[in-house]
Student: 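Handing you this structure, nothing more for now.
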Amino acid sequence: MTAGIAALDVPLARVETAAILLEAAARTNSPSDRIAYRLDGWLVTHPDAPISTEADYPNWTPGGVR
């Protein structure tokens with residue numbers, strides 16, 4: 001089964017933002033920046049992607065101290 005053309009219809013701002021992030025990834029010399037830009041680009045184009053929340057890690061604290 002294939003998705004209809006309506007599934008490809010996304011807001012122009014989302015496409016422009018993804019393009020900017022992919023261009024930034026191509027221009028940087030830092031491997032970690034490249035990964036971050038590409039991940040950001042993916043998240044912009046997949047707004048329904050599951051992400052973690054505080055409820056997913058109830059006992060975790062940055063630095064290990066509460």
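No experiment lies behind these values; they were computed from the predicted model shown. Each residue takes its place number in the sequence, starting with 1.
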Student: What's the shortest heavy-atom distance between Ala25 and Arg34, and which atoms?
Tutor: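 Closest pair (atom of Ala25, atom of Arg34, distance): O-CG, 3.5 Å.
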Student: Which atom names give the shortest non-hydrogen contact between Leu43 and Ala49, and what distance separates them?
Tutor: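 For Leu43 versus Ala49, the nearest heavy atoms are CD2-CB, 4.5 Å.
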Student: Which atom names give the shortest non-hydrogen contact between Leu21 and Tyr37, and what distance separates them?
Tutor: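 Nearest pair, atom of Leu21 first, then Tyr37: O-CB, 3.5 Å.
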Student: What I want to check is whether the side chains of Ser30 and Ser32 have a donor and an acceptor closer together than 3.5 Å.
Tutor: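 Yes, Ser32 and Ser30 have a side-chain donor paired with an acceptor closer than 3.5 Å.
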Student: Which pair of non-hydrogen atoms, one from Ala18 and one from Thr45, has the smallest distance, and what is that distance?
Tutor: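 Nearest pair, atom of Ala18 first, then Thr45: CB-CG2, 3.5 Å.
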